[in-house]
Protein chains: 2
Amino acid sequence: MTAYAADSGNRREDILAIAAGLFAENGFDNTSMRQIGATAGMQAASLYHYFRTKDDMLDAIVRDYLTELPGAYRRIMAETANPRDVLPAFVELALRGAARNRAVMTILVHERKSLAGRDRFAFIEETFDEIEAIWLGVVEAGIAQGIIRADLNARVALRMMLDLVGSVAQWYRPNSRRYTLDEVVKTELDFIFGGVMVGGR
Amino acid sequence: MTAYAADSGNRREDILAIAAGLFAENGFDNTSMRQIGATAGMQAASLYHYFRTKDDMLDAIVRDYLTELPGAYRRIMAETANPRDVLPAFVELALRGAARNRAVMTILVHERKSLAGRDRFAFIEETFDEIEAIWLGVVEAGIAQGIIRADLNARVALRMMLDLVGSVAQWYRPNSRRYTLDEVVKTELDFIFGGVMVGGR
DNA sequence: CCTACCGATCGGTAGG
DNA sequence: CCTACCGATCGGTAGG
């Protein structure tokens, strides 16, 4: 079915996991409260005992993970001794985070644009902007320090890296026979830093 | 507004261009016939003079461009003398095609999954499968011939290349002051083939 | 190209 | 956690 849902002692958390799977699979607008209710084994109206609105469910699903990301990136910057290692560590954090939170990442990537105009979800676009500004700063510092190739457009190269780490949640499957997570991480690092860093990595 | 719509002598084509822009911007399911009608300057009911159903509009928008792609890739394979040049030519075709048909590509990338289960749009998934099989064949042949690095997972590397060329339609804007199309193509080629090909390009 | 309308489905509420 | 229901919106039709 969804392949996303998990168990937990808490009924509210169960419902959230079910909803996250359906939102990721079918999109937020194309998932009805009736569908969520049916999957959770109750009437749609009963969901309103746990959540005030459908928007509240989405908020509860995405907010915590997303808003903790800027801090995680800043911690990497602060704790990485060699500047050459910062960007690869960013890529690895993004990939492993996406793999661990596939439903949330898929929802964010898919709904980001349609939620951008809604006040209540403005934090999504703002947080993505914050994250991308952190990445851009690292890329530009890397170019200034001669660590990153100066002959490519920094913004385009950055967009490509973000595309790569952003789309992984949409095709990566844990337990795939074709590749392990470590293999995906290694290939993406090879791919990106075989071409971007000065003099190989 | 949509930034996608174009003019044409034909009213039907005008409506299609408007619908394509709205589908790309808001998603197929989240675009109503009333919205399309209002943007085209008529009542929703009047659209049914030109199209039998909303699905017919989507079909007319995406079918021609998509179904011509496999032939275009095969032509490149047949006409490229040096095997080393095939994959870069694929990337360039994908990028320039996406840039020239941004709305269509955006729709295809976004709706691909949700349309996969519908008979009438099965050709979309089938055509993508066909295209990806062509790419995979080239990657595997390149590895066998020692042109492409054998130390990375071919399927993961392929997925990354397809992610890159597939997502460009979603952020590339003609007339951007930050980068020209040629600059995007060059950066993507540098990026991919600086790291993937044996001994540089 | 329009007015008028249909049945289905949506998120959400009332009241238990 | 349920039944019963609301107003809004959807794709589409009838008839001109």
Side-chain angles (χ1 to χ4, degrees), chain A residues 2 5 7-63 107 110-111 114-115 117-121 124, chain B residues 2 5 7-63 107 110-111 114-115 117-121 124:
Chain A
T2 71
D7 262 344
S8 112
N10 190 307
R11 198 84 185 93
R12 188 174 185 275
E13 294 304 313
D14 288 351
I15 296 171
L16 279 183
I18 286 166
L22 291 170
F23 292 163
E25 198 78 21
N26 310 319
F28 178 69
D29 287 322
N30 291 321
T31 302
S32 67
M33 294 298 277
R34 283 153 177 85
Q35 211 175 133
I36 297 168
T39 310
M42 65 179 74
Q43 294 299 315
S46 304
L47 295 168
Y48 291 88
H49 171 69
Y50 300 95
F51 308 95
R52 234 172 37 83
T53 64
K54 191 186 176 191
D55 283 352
D56 277 10
M57 300 185 69
L58 180 59
D59 195 297
I61 288 166
V62 303
R63 186 182 290 269
I107 294 166
H110 277 133
E111 311 295 337
S114 64
L115 297 173
R118 307 190 41 200
D119 287 354
R120 128 141 242 196
F121 293 110
I124 294 178
Chain B
T2 71
D7 262 346
S8 111
N10 190 307
R11 198 83 186 90
R12 190 174 183 274
E13 294 304 314
D14 288 350
I15 296 170
L16 280 182
I18 286 166
L22 291 170
F23 291 163
E25 199 77 20
N26 310 319
F28 177 68
D29 287 322
N30 290 321
T31 302
S32 68
M33 294 297 276
R34 285 153 175 85
Q35 210 176 130
I36 297 169
T39 311
M42 65 179 75
Q43 294 299 317
S46 305
L47 295 168
Y48 291 88
H49 172 68
Y50 299 96
F51 309 95
R52 232 172 41 81
T53 65
K54 190 185 177 192
D55 283 351
D56 278 9
M57 299 186 68
L58 180 59
D59 195 298
I61 288 166
V62 301
R63 188 182 288 269
I107 294 166
H110 277 133
E111 311 296 336
S114 64
L115 297 172
R118 308 191 40 199
D119 288 353
R120 127 141 245 194
F121 294 109
I124 293 178

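We use all heavy atoms of the structure for the numbers below, so side chains are in, but hydrogens, waters and symmetry mates are not. Here is how names work: the chains are called A, B, and so on, in the same order as the sequence lines, proteins then strands, and each is numbered from 1.
Within 4.0 Å of A:Y50, counting heavy atoms only, lie sugar-phosphate atoms of the nucleic acid but no base atom. B:A45 comes within 4.0 angstrom of a base, heavy atoms only.
Counting all heavy atoms, side chain and backbone alike, A:A20 lies closest to A:I107 at O-CD1, 3.5 Å. Scanning both residues, A:T31 and A:L22, for their nearest heavy atoms gives OG1-O, 3.2 Å. The two residues B:L58 and B:L115 make their nearest non-hydrogen contact at CD2-CD1, 3.8 Å. Scanning both residues, A:R12 and A:A60, for their nearest heavy atoms gives NH2-CB, 4.4 Å. Closest approach of B:M57 and B:F51 over heavy atoms only: CG-CG, 3.5 Å.
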Base-pair string, DNA chain D, Watson-Crick plus G-U, cut-off 3.5 Å on both distances, | for inter-strand, is ||||||||||||||||

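Distance CZ (A:R34) to P (C:dC10): 6 Å, rounded to an integer number of Å. Spacing between atom CG of B:D56 and atom P of D:dG11 amounts to 14 Å, rounded to whole angstrom units. Taking atom CZ on B:R12 and atom P on C:dC1, their separation rounds to 14 Å, with Å as the unit. Atom P of nucleotide C:dT3 and atom CE of B:M33 are separated by 17 Å, given to the nearest angstrom. One interatomic measurement links the two molecules: CG of A:D29 to P of D:dA8, which rounds to 19 Å at whole-angstrom precision. In this structure, A:R118 places its CZ atom 12 Å from P of C:dG11, rounding to the nearest Å. If you take CE of A:M42 and P of D:dC1, they are 4 Å apart, rounded to a whole angstrom. At whole-Å resolution of the value, CG in A:D59 and P in C:dG11 are 17 Å apart.
For B:R11 and C:dC1, the shortest distance from a side-chain N or O to OP1 or OP2 is below 4.0 Å. Applying the 4.0 Å criterion to OP1 and OP2 of D:dA14, one finds that B:Y48 has every side-chain N and O outside that range. OP1 or OP2 of C:dC2 sits under 4.0 Å from a side-chain N or O of B:S46.
Using a 4.5 Å heavy-atom cutoff, the side chains of A:H49 and A:R11 are not in contact.
With C:dC10, C:dG12, D:dT3 as the candidates, the nucleotide lying closest to the side chain of A:Q43 is D:dT3.
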Q.
Before you tell me yes or no, could you show the steps for B:R63 and B:D56 under salt bridge (Lys or Arg N to Asp or Glu O under 4.0 Å), namely the whole-Å CA-CA distance, both residues' side-chain angles and the distance that decides it to 0.1 Å?
A. CA-CA 10 Å; B:R63 188 182 288 269; B:D56 278 9; over 6 Å; no

